[in-house]
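Keep in mind that the numbers below use all heavy atoms, side chains included, and drop hydrogens, waters and symmetry copies. Every number for a ligand or one of its atoms is a count from 1 in the order of the listing.
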Amino acid sequence: MRNNRIYLDYAATTPVAPEVLEVMQPYFSEKFGNPGSLHTFGQEAQGAVDAARNRIAGSLGAESKEIIFTASATEANNLAIRGIVRGSAASSSEPRFARSSGSRPLDLAPAAPLRGDQARRRSALSSELAALPHIVTTVIEHESVLETCRDLERKKEAEVTYLPVTAEGVLRLSDVAQALRKETVLVSVGYANNEIGTIQPIPEIAAAISEFKIQNSKVKNNYPLFHTDAVQAVQFLDCDVQKLGVDLMTVSSHKIYGPKGIAALSVRHIAKLASIITGGGQEFGLRSGTENVPALVGFSRALELVEGLRERESARIGRLRDMLYSGILAAVPAAALNGAKEPRVPNNLNLSFPDYFGEELLLVLDREGIAVSTGSACRAKSREPSHVLSALGLPEERVRSSIRFSLGRFTTEEEIEKTVRTISYIFKK
Ligand code: PLP
């Protein structure tokens, strides 16, 4: 509770933990060097970057050279998707992604403009040879995945299959298997959904992709790769990339009590990734820009803390979340849970309430000192109904009457009791 206000929007962002702030502090002032500089100040900063990278790699079961720091999870998702699509076009020696059957790029641009039949023949030949790289994702991904895929489609750089989910918000494995094609370069499925908290069967999806590779031995170069956005999962679930069987993973700092402005992409087949930000060649040439040293030092400490607290906090927060759910149901029996009760991350409770628009109820609760959300913080100001809840097949009035409660490290039993009392009072009026 902060100034008597109750914060139940930890899925949007979290406060920086005191232990995190403490390790960051020196890197704003006395240890301010640029890691690219050769002198002692630079070496000190580079040492901090290396240590943070090693620690994050250790937490994710990856190697240090597979961790790329970015400024946000949005950027990490962009890098994963755009980077793999671009990388596949650059590396392919197959007659797939706009390439000729040799290793020489197919020259689709004629020296002089073609006319009439000649142009039509050329165009038919081009579309036959230039199968676009294909991406498989789901309709409930975060906007940073969906908008990136849509952008690639609009620019005719990729084809995308958006898989549906069940009414419970879970992907069907058979749909994944059916969607894979020889042109598929990337499958991107979020581990835990940011709006409804449902957990996708990541190891099973990885197994389906491996099976596809075995069955289609002609699919060369180890495609498709598998990416998961683990931003909402990492504080509650083991995110070891090897155990999960993923090639790329996005994790973010500000959802786990670290600072904003820093996230990371773990990439197993790093040679397959093309950069999307060019410049001084930092981050193995894959993400140029001077490293945000204080932030990445804080991020690595935050991830370390989350790992140590994972089991205990999952149990504690899950118990508080269940208390909140049963308390609300007792007060408002018509409140309906959105998404499966299990498997769901323990901090998420997404409910639709009768007779209220979500935004309206959010503001009423805010006046009572309780901060919740209607879904994704990125979309909070848009008038569009949630694409995640719509994908569950819920009627629009139920979609529009939803509230997401997300609990966190500083949530107390007293806060949950007060929230239940406040909701009972609102619905009795
Ligand atoms: N992915 C997921 C699952 C998220 O919940 C979020 C933020 O809500 C993001 C990506 C994007 O994070 P950011 O806005 O910090 O880039």
Side-chain angles (χ1 to χ4, degrees), residues 7-16 20 60 68-83 137-151 165 169-171 186 188-200 202 227-237 239 244 246 248-266 276-277 287 289 292 295-296 298-299 302-303 306 338-339 343-350 371-382 384 386-389 391 404-408:
Y7 185 75
L8 293 177
D9 198 13
Y10 285 86
T13 195
T14 58
V16 174
V20 170
L60 303 181
I68 302 164
F69 287 114
T70 60
S72 65
T74 297
E75 189 196 322
N77 285 342
N78 268 265
L79 178 59
I81 298 167
R82 294 180 196 277
T137 188
T138 83
V139 288
I140 61 164
E141 296 307 309
H142 186 267
E143 288 81 353
S144 53
V145 169
L146 289 177
E147 284 306 316
T148 303
C149 287
R150 288 187 194 118
D151 187 54
V165 291
V170 182
L171 186 59
L186 187 70
S188 180
V189 177
Y191 198 178
N193 184 267
N194 56 310
E195 292 193 36
I196 54 175
T198 50
I199 299 169
Q200 302 303 332
I202 298 298
H227 167 242
T228 190
D229 173 345
V231 165
Q232 297 288 348
V234 71
Q235 58 176 316
F236 303 113
L237 307 172
C239 284
L244 289 174
V246 298
L248 300 102
M249 178 184 280
T250 298
V251 282
S252 168
S253 159
H254 76 98
K255 311 281 188 184
I256 59 165
Y257 312 93
K260 295 173 180 60
I262 190 82
L265 181 69
S266 168
I276 59 170
I277 297 181
R287 199 280 179 183
N292 187 345
L296 58 84
F299 180 19
L303 189 55
V306 147
N338 298 319
R344 170 190 286 253
V345 279
N347 70 332
N348 176 295
L349 183 66
N350 190 311
V372 296
S373 88
T374 51
S376 164
C378 322
R379 237 205 39 247
K381 289 179 184 132
S382 105
E384 291 292 302
S386 153
H387 69 281
V388 175
L389 298 184
R404 177 186 70 184
F405 301 87
S406 49
L407 287 59

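- With ligand atoms numbered from 1 in the order given, ligand 1 contributes 10 (C) to contacts under 4.0 Å with heavy atoms of S144.
- Partner of N77 under the side-chain hydrogen bond (donor to acceptor under 3.5 Å, both in side chains) criterion, out of T148, D229, T70: D229 alone.
- Take A71 and apply the side-chain contact (heavy atoms from CB on, under 4.5 Å) test, not counting sequence neighbours, and it matches E75, R287.
- Side chains of S386 and E195: a donor-acceptor N/O pair is present below 3.5 angstrom, by distance only.
- Contact annotation: for K255 versus ligand 1, heavy atoms closer than 4.0 Å belong to the side chain alone.
- Where the criterion is an N or O separation shorter than 3.5 Å, residue side chain and backbone included, H254 meets it with respect to ligand 1.
- Compare N194, T70, T74 by their heavy atoms: the one nearest to atom 13 (P) of ligand 1 is in T74.
- Checked by atom type, the side-chain pair T198/N193 shows no donor-acceptor distance below 3.5 Å.
- Under 4.0 Å from ligand 1, heavy atoms of A73 appear from its side chain as well as its backbone.
- To the nearest 0.5 Å, atom CG of residue L265 and atom NE2 of residue H227 are 5.5 Å apart.
- Contact between G190 and ligand 1 is absent, with no heavy atom of the residue lying under 4.0 Å from the ligand.
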